[in-house]
Amino acid sequence: EMNSAFELFQVMPERNVVSWSTMVSGYSKAGDMDMAKMLFDKMPVKNLVPWTIMISGYAEKGLAKEAFTLYDRMEKAGLEPDDGTLISILAACAESGLLSLGKRIHFKIESSKSRYRIQVCNALIDMYAKCGNLHKALNVFDGMVERDVVSWNSMLQGLAMHGNGKEALDLFARMIREGMEPDEVTFISVLCSCSHAGLIEEGRHYFSMIEKDYGLVLQVEHYGCMVDLLGRGGHLKEAFEFVKVMPMEPN
RNA sequence: AGCUUGAACCGUA
């Protein structure tokens, strides 16, 4: 509803950096980067937030040149990106596969305090994995001194996504060995890995562990993975059984 | 006001 937003923005008695940023963000979300840029250029005071919104917006839409140009300008203006800015840009690069900008952000992180932040490293892992560079993703993962469940999930998903089901399952085993508690998202990657690797019995085994051993809530996604695993493996009857017995509405 | 991980299928030849 950017037309209504714009009308209100124009008539409001005073505007601050938050109201300007809200407009920039709205246009970016609506896919109108030209309007976003126009307001961005016009705003009298800028902090990290509008810079983040613009750069991420360009990156997410695959507008590499515009994203790079603005990022350079931000650095030249002496602004130091915080964790939020780095993560936001990395997530945008991951979404569009903009590896070149992702690498540039990685370079920046290497020489900043943010390199020790788990969330920043997680965003790096996800970016590299989604851009198809599993080696770099593993590099970042292995270099972390501390990891959370998202670190493991991102790495697992990256491996599974690129067909390395066996490696993903090895990583899952290591995750458990190291005492990390898996969550619902973890098992989506685990079941997906079994599916890719054709490991039907293993898949059944992992599925049964979700509730029993980890006390997690089985979700429609887990059932979906099982249907996929069984169906792909030729066990169509059983796949259909899963659809029939799942305790929620099949989607 | 910006903030990391979530399955499959189909569609682009």
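Below, chain A is the first sequence line, B the second, and so on; all start at residue 1.
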(message) Has A:R15 got a side-chain atom pairing as donor or acceptor with A:Q10's backbone, closer than 3.5 angstrom?
(response) yes
(message) Nearest to the side chain of A:P50, heavy atoms from C-beta on, is which of B:A1, B:G2, B:U4?
(response) B:A1
(request) Answer with yes or no whether A:S56 presents, from its side chain, a donor or acceptor under 3.5 Å of a partner atom in the base of B:G2. (result) no
(request) Grab the OH-P distance between A:Y206 and B:A7 for me, whole Å please. (result) 19 Å
(message) From the set B:G2, B:U5, B:A1, return the single nucleotide nearest to any side-chain atom of A:T52.
(response) B:G2
(message) Any side-chain N or O of A:R232 below 4.0 angstrom from OP1/OP2 of B:C9?
(response) yes
(message) Tell me whether the side-chain N or O atoms of A:T22 pair up with the base of B:A1 as donor and acceptor below 3.5 Å, since no angle test is needed here.
(response) no
(message) Is it true that, when you exclude A:D142 itself, more than 12 heavy atoms of the residues, nucleotides or ligands shown sit nearer than 6.0 Å to its CG?
(response) yes
(message) Output the rounded distance in Å from CG (A:N153) to C1' (B:A7).
(response) 14 Å
(request) For A:N251 and B:C9, give me the distance from atom CG to atom C1', rounded to whole Å. (result) 11 Å
(request) Could you check which of B:A8, B:A7, B:U4 has an atom nearest any side-chain atom of A:H196? (result) B:A8
(request) Give A:T85 one of three labels, base, sugar-phosphate or nothing, depending on what nucleic acid heavy atoms sit under 4.0 Å from its own. (result) base
(message) Tell me which one of A:Y214, A:Y206, A:F207 satisfies ring pair (Phe, Tyr, Trp, His ring centres under 6.0 Å) with A:F187.
(response) A:Y214
(message) Taking any heavy-atom pair under 4.0 Å as a contact, classify A:S154: base, sugar-phosphate, or nothing.
(response) sugar-phosphate
(request) Please tell me which of the listed nucleotides, B:A8, B:C3, B:A1, lies nearest to the side chain of A:I53? (result) B:A1
(message) Distance check needed: B:A1 C1' versus A:R15 CZ, whole Å only.
(response) 16 Å
(message) Using a strict threshold of under 4.0 Å (side-chain N to carboxylate O), is an ion pair present between A:R117 and A:E146?
(response) no
(request) Provide, to the nearest angstrom, the distance between the CG atom belonging to A:L230 and the P atom belonging to B:A8. (result) 15 Å
(message) From the set B:U5, B:A1, B:C3, return the single nucleotide nearest to any side-chain atom of A:V150.
(response) B:U5
(message) Please report the distance, rounded to the nearest Å, between CD1 in A:I109 and P in B:U4.
(response) 14 Å
(request) Measure the distance from CG on A:N122 to P on B:C3 and round it to the nearest whole Å. (result) 16 Å
(request) Tell me what A:K46 touches on the nucleic acid: a base, only sugar-phosphate, or nothing, going by heavy atoms under 4.0 Å. (result) nothing
(request) Could you check how far OH of A:Y27 sits from C1' of B:A1, rounded to whole Å? (result) 16 Å
(message) On the side chain of A:D82, is there an atom forming a donor-acceptor pair with the base of B:G2 - under 3.5 Å, no angle test?
(response) yes
(request) Look at A:K108 together with A:E75 and state whether they make a salt bridge at an N to O cut-off of under 4.0 Å. (result) yes
(message) Can you tell whether the side chains of A:R174 and A:E178 come within less than 4.0 Å, N to carboxylate O?
(response) yes
(request) For A:N47, answer base if it contacts any base atom (sugar-phosphate contacts may also be present), sugar-phosphate if it contacts only those atoms, and nothing otherwise; contact means non-hydrogen atoms under 4.0 Å. (result) base
(request) Please tell me which of the listed nucleotides, B:A8, B:U5, B:U4, lies nearest to the side chain of A:Q157? (result) B:U5
